[in-house]
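Okay, structure first, notes after.
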Amino acid sequence: MDSKYACMGVNNSKGNGLKRNQIMIDSIKVKKIKLNNEIASVAHTSKVEANGCNNTHVNDNMFDKESPQDLLEARRQLPVYMVKKRLLEEIKKNNTMILIGETGSGKTTQIPQLIHEQRIEGAGTIAITQPRRVAAITIALRVAAEMNTEVGSIVGYSVRFEDVTSPRTKVKYLTDGMLLREATLDPLLKKYSIIILDEAHERTVSTDVLFGIVKLAQKERNEEKMNPLKLIIMSATMDVDAFRKYFNNCPVIYLEGRTYPVTIYHSKMKQDDYQYAAVCTIFQLHATTPANHDFLVFLTGQEEIETVMYNIKQIAKEATGPPIRVCPLYAGLPAAKQLQVWRVVPPGTRKIILATNIAEASVTIPRIKCVIDTGVVKERTWCGSTGAERLMVRPCSQAAGWQRAGRAGRTAPGLAYRLYTAADFKARHYHHTPEIVRCPLASTLLLLIAAGAEPTTFPLIDAPPPDTVKASLLLLKELGAIDNDTNPKLTVLGKKMSMFPIDPKYSKILLSATEYSCLDEALSLVAVLSSQNLFHTPVYKRAEALTAKQKFLSPLGDHITLLNVFKAFCKAPLKKQWCRENYLNHKNLTYACEVRQQLLAICQKLNMNVSSCGQAYEQLLKCLLCGLFTNCAWLRGVGAGGRYVTAGGTAAGLHPSGSLHTVRPLPPALLYTELLQTNRCYMLTVSAIQPQWLHQVAPEYARRCRANR
DNA sequence: GAGCACTGC
């Protein structure tokens with residue numbers, strides 16, 4: 001092996017016949033955990049990878065090939081199946097428990113089935129939450145196949161836009177966000193007798209809030225002598241001490257997983273340029289390893305991936321070794337291009353996948369032999385005082401490092417090259433900071449208040465900064481959703497706002513739209529604003545992409561431009577082709593259409609009149625201001641040197657990618673959707689407004705703004 | 001005249 005790398009613990013396989021995963025040998029976490037019940041310690045070298053994987057890429061045919069006998073045999077091979085008797089005893093005995101199961105233990109697919117076979121759930125339903133919709137869907141399909149039943153009957157799933165359950169459903173997989181939505185209608189979650197929160201270590205805002213919801217529901221149902229609620233917290237690896245403390249020292253059970261050993265190499269020296277180090281490592285390995293070894297390289301974003309891809313292609317022309325197929329993989333990539341990653345390459349060709357952390361947990365790529373881990377991740381941070389967002393490249397956590405390395409051991413033993421030193425790795429945080437302490441909280445708080453909780457006393461494992469809570473409550477007060485910001489109660493408007501699965505600023509826009517006779521347009525625009533970027537701009541086709549965008553541009557600003565794109569998409573007969581020609585993201589536009597339908601259904605339920613403002617866009621912009629009035633900026637100075645200042649006093653510029661960037665004279669006042677902090681502070685998705693509109697739309701806020709300015 | 005990771009309702 002190249003001397004650039006120091007090898008860590010390669011020969012740690014135990015002599016007792018247990019071929020343990022290299023990742024688990026570094027047994028920090030096993031030692032750290034004080035186990036109440038060490039139930040299972042089963043390891044296998046079976047040729048079949050456990051099917052309990054939580055992050056399967058969608059594949060409709062995946063489950064059809066196996067006969068019921070095959071399925072049963074596969075189930076029996078799973079570590080969790082081997083210890084089912086003791087596990088079930090523990091589940092019956094304890095009302096709350098934490099279950100730590102490594103990848104491949106089968107916990108997600110088997111435990112709900114085992115519980116149901118024993119009818120432990122009684123008259124209620126078993127809910128199993130997942131952070132991602134693909135996971136909820138594919139696991140439900142798998143479990144239905146294993147139980148030899150149709151999905152939607154005994155086994156079902158519920159995700160946004162899709163509810164495949166029936167009154168008969170006893171095992172229900174759903175996204176954590178979906179269960180949270182259900183909690184606003186029924187905070188005691190009465191229809192469930194057992195709730196399993198899976199992938200708890202990911203610490204999404206929804207899971208963190210659900211912890212509190214289910215804890216309170218369990219307590220209250222107990223006190224009111226209602227049907228009891230059993231809780232199981234499941235996770236791969238996690239900060240068990242914090243979780244145990246939170247759940248009153250409940251028992252912890254450890255289940256061993258089943259993955260293949262991955263040998264980890266660390267860089268001996270600190271690397272100053274991880275991109276360069278990645279390219280060097282790729283070609284060193286390329287020259288020395290067989291062509292059928294696929295590489296997976298973790299990078300931080302689209303631009304970086306495109307640059308590295310370009311460099312690889314240039315160097316490959318002169319390098320020795322087999323032919324190379326490079327595949328980019330990031331969320332913003334159109335779906336058709338993403339699929340290249342799963343396509344089989346001709347024999348003798350090496351596949352090199354350049355991915356963001358989408359490949360860390362969200363999708364699984366088979367046959368990866370080598371992982372090259374740059375050790376960095378792009379993370380969104382949010383500045384509460386200015387409201388600006390920032391994307392920063394930072395070192396990833398140890399947990400992420402293990403997760404990335406593990407991607408090489410899914411189907412066979414693998415190798416992982418870390419482009420940072422072992423000392424660097426050890427110095428890192430074990431986990432990343434939970435999302436709830438670093439994001440805006442207005443929508444979460446509105447949901448909590450709607451679910452009858454008190455925001456100030458609600459139990460959370462990690463409390464968000466008090467300033468963030470205060471600012472978010474103030475915003476809800478200003479939007480008219482709550483009556484006061486110390487002991488908040490929902491107003492009539494707030495009750496309606498909480499019914500929409502979108503940012504409260506956006507639901508306020510919709511609820512104001514009837515007044516401006518523009519609900520038709522507002523629905524489209526809010527749907528687009530709630531989706532991801534509609535424009536696809538590859539670095540090397542920037543000019544073409546810009547030209548294509550011209551025909552949608554509106555001099556009024558980005559909001560009307562987005563509306564033009566959306567309207568044109570709805571009319572286009574051949575949507576996929578049309579999107580390709582116009583450098584637009586078909587997936588995100590389709591998603592926006594689905595969101596619009598959902599929002600429309602809620603508006604109809606509220607008896608709102610869907611009228612159109614036609615070309616009278618001033619109406620629409622005033623309506624936008626009803627929800628976004630805290631996002632105004634005013635011109636300071638004149639001419640090209642004109643600068644804008646936000647209500648919070650932050651100096652901000654027009655982003656060059658926006659529709660208003662070249663418009664002169666500069667509008668005296670602007671409405672922006674987001675603030676982005678890079679080298680400078682930029683306003684994103686901006687429209688021009690008349691300064692007096694703010695006084696018409698939000699007089700109280702306008703007065704306070706003026707007083708502060 | 002710059003550059004946006006990933007989820008979810």
Side-chain angles (χ1 to χ4, degrees), chain A residues 55 129-136 158-163 174-185 199 202-210 298-307 329-333 355-363 374 376-381 389-394 396 400 403 432 435-436 438-439 443-444 446-447 450 498-504 506-507 527 530-539 542 545-546 585 588 591 594-595 598-599 602 640 653-658 660-662 674-685:
Chain A
N55 310 305
T129 67
Q130 293 293 319
R132 279 170 288 277
R133 25 184 300 135
V134 249
S158 173
V159 296
R160 189 176 189 179
F161 311 132
E162 222 183 330
D163 182 1
L174 71 177
T175 47
D176 46 18
M178 207 69 199
L179 188 61
L180 204 52
R181 275 275 136 204
E182 290 188 10
T184 60
L185 303 174
E199 308 286 346
E202 294 204 16
R203 301 294 306 274
T204 64
V205 175
S206 298
T207 331
D208 270 20
V209 173
L210 273 177
F298 282 97
L299 295 162
T300 65
Q302 173 184 348
E303 199 168 314
E304 193 169 281
I305 286 171
E306 287 182 23
T307 312
L329 181 66
Y330 51 89
L333 195 69
T356 59
N357 52 351
I358 190 174
E360 211 175 279
S362 305
V363 299
T374 53
V376 280
V377 65
K378 197 175 273 186
E379 214 178 52
R380 174 177 241 155
T381 54
E389 290 177 307
R390 183 173 212 160
L391 282 162
M392 276 166 43
V393 175
R394 292 186 147 163
C396 65
Q403 180 77 23
H432 66 286
E435 198 187 356
I436 199 159
R438 54 181 168 91
C439 72
S443 46
T444 305
L446 184 63
L447 210 75
S498 74
M499 291 169 71
F500 290 91
I502 48 175
D503 191 290
Y506 295 159
S507 51
S530 306
S531 311
Q532 284 169 320
N533 196 357
L534 302 189
F535 300 101
H536 176 57
T537 322
V539 178
R542 193 170 294 160
L546 268 175
N585 191 309
N588 293 349
Y591 179 83
E594 285 194 277
V595 174
Q598 189 187 26
L599 300 178
I602 299 170
L654 280 165
H655 196 273
S657 66
L660 293 176
H661 183 246
T662 51
E674 282 177 291
L675 276 186
L676 175 72
Q677 177 79 47
T678 55
N679 294 324
R680 283 177 59 196
C681 193
Y682 288 102
M683 294 174 280
L684 296 184
T685 321

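We use all heavy atoms of the structure for the numbers below, so side chains are in, but hydrogens, waters and symmetry mates are not. Naming convention: chains lettered A, B, ... in sequence-line order (proteins, then strands); numbering from 1 in each chain.
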Practice task
Indicate, with a heavy-atom threshold strictly under 4.0 Å, whether A:F500 touches base, sugar-phosphate, or nothing.
Solution key: nothing

Practice task
Looking at every strand, decide which applies to A:R542 at a 4.0 Å heavy-atom threshold: base, sugar-phosphate, or nothing.
Solution key: base

Fill in the blank from the handout: Side-chain atoms of A:R181 come closest, of B:dG1, B:dC6, B:dC9, to B:dC9

Exercise for the section: Among B:dG8, B:dG1, B:dC4, find the nucleotide with the atom closest to the side chain of A:R133. Expected result: B:dG8

Exercise for the section: Assign A:I358 to base, sugar-phosphate, or nothing according to its heavy-atom contacts below 4.0 angstrom with the strands shown. Expected result: sugar-phosphate

Practice task
Let me know, please, whether A:I502 or A:R380 comes out on the 5' side of the other along DNA chain B by nearest nucleotide.
Solution key: A:R380

Practice task
Counting heavy atoms from C-beta on, name the nucleotide in B:dC4, B:dA2, B:dC9 closest to the side chain of A:R160.
Solution key: B:dC9

Practice task
Could you check which of B:dC6, B:dA2, B:dC9 has an atom nearest any side-chain atom of A:Y682?
Solution key: B:dA2

Exercise for the section: Flag the pair A:P501 / A:I602 as yes when at least one side-chain heavy-atom distance between them is below 4.5 Å, and no otherwise. Expected result: yes

Practice task
Check whether any side-chain nitrogen or oxygen of A:S206 sits under 4.0 Å from OP1 or OP2 of B:dG8, and answer yes or no.
Solution key: no

Fill in the blank from the handout: The nucleotide from B:dC6, B:dT7, B:dA2 with an atom nearest the side chain of A:Q532 is B:dT7

Exercise for the section: Would you mind classifying the nucleic acid contact of A:L447 as base, sugar-phosphate or nothing, using non-hydrogen atoms under 4.0 angstrom? Expected result: nothing

Fill in the blank from the handout: side-chain contact (heavy atoms from CB on, under 4.5 Å) filter on A:L391, not counting sequence neighbours, yields A:K378, A:R380

Exercise for the section: Could you work out which one of B:dA2, B:dA5, B:dC9 sits closest to the side chain of A:T356? Expected result: B:dA5

Handout entry: Position toward the 5' end of DNA chain B (nearest nucleotide), A:G301 or A:M178
Key = A:G301

Practice task
When you get a sec, tell me which of B:dG1, B:dC9, B:dG8 is the closest nucleotide to the side chain of A:V159?
Solution key: B:dC9

Practice task
Establish, with yes or no, whether the OP1 or OP2 oxygen of B:dC9 is under 4.0 angstrom from a side-chain nitrogen or oxygen of A:T175.
Solution key: yes

Exercise for the section: Indicate whether the side chain of A:Q598 and that of A:E594 have a donor and an acceptor atom separated by less than 3.5 Å. Expected result: no

Exercise for the section: Using a heavy-atom cut-off of under 4.0 Å over every strand shown, decide if A:L180 touches base, sugar-phosphate, or nothing. Expected result: nothing

Exercise for the section: For A:D176, report the nucleic acid contact type (base, sugar-phosphate, nothing); a contact means any heavy atom under 4.0 Å. Expected result: nothing

Exercise for the section: Check whether any side-chain heavy atom of A:C396 lies under 4.5 Å from a side-chain heavy atom of A:H432, and answer yes or no. Expected result: no

Problem - Residue pair A:T204 / A:D176, side-chain donor-acceptor N/O under 3.5 Å - result: yes

